[in-house]
Amino acid sequence: MSNVIKKVIPMLDRILIQRFEVKTTTAGGILLPEESVPKEMQGVVVAVGPGARNPAGAGHLSIGVKEGDRVLLPKYGGTKVDMDDKREYLLFRESDILAKLE
């Protein structure tokens, strides 16, 4: 049985984001260690949950971002999700996202 994750569907107001990759080489071709390169604070929305539950009744509250949007992320936070494609994915609540970039 394979443990490969094929699709992630976030619950409630959670959003799955792929963080932009940081360049680890300089213009001259020198490789930089990962510890010396700051984390990229931007990412692209990969999947969006249905939204938080509506306290006034049935249904969900709408979320302000959609798949494909570029967003500004906090320096720390999010839950790391390991997938089979070796990219860095993080789960954030909608309220943790700082801004939507256009």
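Just so we're clear, the structure is a prediction, and the values are computed from it rather than from any experiment.
For Lys66, the NZ atom is loosely surrounded, since the number of other residues' heavy atoms within 6.0 Å does not exceed 12.
Across Arg53 and Leu12, no two heavy atoms sit closer than the pair CG-CD2, 4.0 Å. Residues Pro10 and Pro50 share a closest heavy-atom pair of O-CD, 3.8 Å. The shortest heavy-atom contact between Lys80 and Leu90 is CA-CD2, 3.7 Å.
Both Phe92 and Val45 are members of a single hydrophobic cluster when ILVMFWY side chains are connected at heavy-atom separations under 4.5 Å.
Rounded to the nearest 0.5 Å, atoms CZ (Arg93) and CD1 (Ile15) are 11.0 Å apart. Here Asp96 contributes atom CG and Leu73 contributes atom CG; the two are 9.5 Å apart, rounded to the nearest 0.5 Å. Between Ile63 atom CD1 and Ser95 atom OG the span is 10.5 Å, to the nearest 0.5 Å. Rounded to the nearest 0.5 Å, atoms CD1 (Ile9) and CZ (Arg14) are 15.0 Å apart.
Among residues two or more places apart in sequence or in another chain, the side chain to side chain donor-acceptor pair (under 3.5 Å) test is passed with Gln42 by Arg70.
Between Ile17 and Ile97, the closest side-chain pair of non-hydrogen atoms falls below 4.5 Å. Between Val65 and Glu94 the shortest side-chain heavy-atom distance does not fall below 4.5 Å.
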